[in-house]
Amino acid sequence: MRIMSVDYGDTRTGIAFCDAKEILASAYCVIEEKYFPKLVDKILEIAENEKAEKIVIGLPRNMDGSYGFRAEKCKNLGEELKNKTETEIVYEDERLTTVIAHDYLSDNNVRGKKRKSTVDAVSAAVILQSYLDKNR
């Protein structure tokens, strides 16, 4: 199954996909869009073009398991996507994904503008990999 993940941010939103066998998640792109309706349309366009059968949205939680302040925005994104597509929408805990993404980029010597432009897509890949690993 082709699964897409979304790491939703106010300025940049990361997108990742997994392979057809649902083994490995890979960063796909970063959408730079602040206007919510346009962002939703861009996510749906990518999902349609890439034939996504499921969309996993990162859901921010605090370290104690409670929902973070951004969780409501992420749930709103999920609801908006549900209203516009029949693709299944699920949520995945995204605690520490940005930290993991920064560590991965540091380990691979990615710095500066390139790092800033890719960290959200790498975070989306971390979210998706977590989802895949849990559901194996």
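The model shown is predicted, which means the values in this text are computed figures rather than measured ones.
- The list of salt bridge (charged side-chain N to carboxylate O under 4.0 Å, His left out) pairs with a residue in residues 122-133, not counting sequence neighbours, reads Asp133-Arg136.
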Show me the donor-acceptor pairs, under 3.5 Å and distance only, between side chains in residues 14-24 and residues at least two apart or in other chains.
from	atom 1	to	atom 2	distance (Å)
Asp19	OD1	Ile23	N	2.8
Asp19	OD1	Leu24	N	2.8
Glu22	OE2	Met1	N	3.3

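- Tyr8 and Val56 are assigned to two separate hydrophobic clusters, defined by single-linkage of ILVMFWY side chains at heavy-atom distances under 4.5 Å.
- Applying the side-chain contact (heavy atoms from CB on, under 4.5 Å) test to Thr11 and every residue at least two apart in sequence or in another chain returns Lys34.
- No side-chain donor-acceptor contact under 3.5 Å links Glu88 to the backbone of Lys54.
- Of the inter-residue distances, the one linking Lys82 atom NZ with Ile89 atom CD1 reads 7.0 Å to the nearest 0.5 angstrom.
- Annotation: side chain of Val40 is in contact with side chain of Leu77 (closest heavy-atom distance under 4.5 Å).
- Residues that satisfy the salt bridge (Lys or Arg N to Asp or Glu O under 4.0 Å) test with Lys73, not counting sequence neighbours, are Asp10.
- Not counting sequence neighbours, Lys75 has no partner by the salt bridge (Lys or Arg N to Asp or Glu O under 4.0 Å) test.
- Under the side-chain hydrogen bond (donor to acceptor under 3.5 Å, both in side chains) criterion, Thr85 pairs with Thr87, sequence neighbours left out.
- Summarising the geometry, atom OG belonging to Ser130 is positioned 9.0 Å from atom CG belonging to Asn135; distances are rounded to the nearest 0.5 Å.
- Contact record, Pro60 with Ala71: O-CB, 3.6 Å, taken as the closest heavy-atom pair.
- Checking side-chain atoms of Ser5 against main-chain N and O of Ala124 turns up a donor-acceptor pair under 3.5 Å.
- Hydrophobic clustering, with ILVMFWY side chains joined whenever heavy atoms are under 4.5 angstrom apart, keeps Ile57 apart from Val126.
- With rounding to the nearest 0.5 angstrom, the CD atom of Gln129 is 8.5 Å from the OG atom of Ser26.
- Heavy-atom neighbours of Lys84 NZ from other residues, nucleotides or ligands within 6.0 Å: above the threshold of 12.
- Residues Met4 and Ala52 come closest through the heavy atom pair CB-CB, 3.9 Å.
- Once rounded to the nearest 0.5 Å, the distance linking CD of Glu53 with CD1 of Ile3 reads 8.0 Å.
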Please list, one pair per line, the donor and acceptor atoms closer than 3.5 Å that link side chains of residues 42-50 to other protein atoms, with sequence neighbours excluded.
from	atom 1	to	atom 2	distance (Å)
Lys42	NZ	Glu33	OE1	3.1
Asn49	ND2	Glu45	O	3.4
Glu50	OE1	Arg2	NH2	2.8
Glu50	OE2	Tyr28	OH	2.8

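- Taken together through direct or relayed side-chain contacts under 4.5 Å among Ile, Leu, Val, Met, Phe, Trp and Tyr, Ile127 and Leu59 form parts of separate hydrophobic clusters.
- Hydrophobic clustering, with ILVMFWY side chains joined whenever heavy atoms are under 4.5 angstrom apart, groups Val90 together with Leu128.
- To the nearest 0.5 angstrom, Asp93 atom CG is 8.5 Å from Tyr67 atom OH.
- Heavy-atom minimum distance, Ala125 versus Ala27: CB-N, 3.7 Å.
- Atom-to-atom distance recorded for Glu80:CD and Leu39:CG is 10.5 Å, nearest 0.5 angstrom.
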